Amino acid sequence: GQQLNQSPQSMFIQEGEDVSMNCTSSSIFNTWLWYKQDPGEGPVLLIALYKAGELTSNGRLTAQFGITRKDSFLNISASIPSDVGIYFCAGPDANTGTASKLTFGTGTRLQVTL
Amino acid sequence: NAGVTQTPKFRILKIGQSMTLQCAQDMNHNYMYWYRQDPGMGLKLIYYSVGAGITDKGEVPNGYNVSRSTTEDFPLRLELAAPSQTSVYFCASSYGGLNNEQFFGPGTRLTVL
């Protein structure tokens with residue numbers, strides 16, 4: 001099946017710094033979704049991307065749908081302590097022919113120090 | 001809207017016991033999903049449903065069963081619990097079709113001893 005590789009696996013940053021993470025796929029995606037999971041909670045949708053080259057912002061978060069359609073990027077500007085969590089990328093499993101099932105990446109764990 | 005709700009929040013089972021994890025959504029979503037998340041890992045799809053009366057296997061269906069008698073509810077059944085089923089279980093829902101945006105419940109943390 002498809003694999004989504006996220007990097008970095010984890011990162012420690014200082015409050016106020018900008019953060020960049022990415023997700024790459026072994027095959028073409030038509031949709032990229034970015035989720036955040038707080039400790040002990042379910043994932044929450046942050047940004048959805050539906051078009052190659054699309055750049056979408058949600059507050060301090062900006063995500064881009066890569067031109068090759070095999071990657072996506074998430075940036076967080078001026079990080080704050082509540083940005084701590086695990087960030088997952090996800091996309092529909094094209095191998096099954098349905099747009100409804102998602103494949104999730106392995107996650108990027110973000111920790112913010114004061 | 002309450003969104004996606006799951007019960008119970010925590011449960012400890014003995015090997016061989018059975019239980020049902022409940023999931024309900026009030027967003028009138030057609031599609032519903034069950035995932036498991038092992039420590040430090042991503043989400044793996046167990047079963048999904050595209051509408052009442054229709055279910056299908058995901059990536060890791062062995063040891064589980066589901067039913068979808070209404071649009072709102074999608075329970076997950078464990079018949080003979082095994083230690084390998086110790087995990088956090090998440091239910092999600094979406095409109096489906098071209099809209100892939102899935103909304104998740106808070107999860108059920110299950111331990112099998």
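In what follows, every heavy atom counts, from backbone to side chain, and hydrogens, waters and symmetry copies are set aside. Naming: A, B, ... by sequence-line order, numbering from 1 per chain. Only a predicted model underlies this, so the values are computations on that prediction, with no experimental measurement involved.
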Problem - Nearest-0.5 Å distance that lies between atom CE in B/M32 and atom CD in B/Q25 - result: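 One gets 4.5 Å once the value is rounded to the nearest 0.5 Å.
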Problem - Portion of A/Q6 that has a non-hydrogen atom of chain B nearer than 4.5 angstrom - result: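 For A/Q6, neither part sits under 4.5 Å from chain B.
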By a 4.5 Å heavy-atom criterion (distance strictly below it), what part of [X] contacts chain A: side chain, backbone, both, or neither?
| X | answer |
| --- | --- |
| B/Q6 | neither |
| B/Y95 | neither |
| B/K9 | side chain |

Handout entry: B/Y47 ring center near B/Y33 ring center (under 6.0 Å)
Key =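 No, ring centres 6.0 Å or more apart.
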Practice task
Verify whether the ring centers belonging to A/F65 and A/F73 lie closer than 6.0 Å.
Solution key: no
Exercise for the section: Count the heavy-atom pairs under 4.5 Å between each of B/V4, B/N30, B/V88, B/L43 and chain A, then report the option with the highest count. Expected result: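 Option with the top pair count is B/L43.
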Exercise for the section: For the pair A/R60 and A/D83, find out whether any cationic side-chain nitrogen is under 4.0 Å from an anionic carboxylate oxygen. Expected result: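 Salt bridge between A/R60 and A/D83, a charged N being under 4.0 Å from a carboxylate O: yes.
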Practice task
Count the heavy atoms of every other residue, nucleotide or ligand shown that sit under 6.0 Å from CE of B/M41, and state whether that count exceeds 12.
Solution key: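 No.
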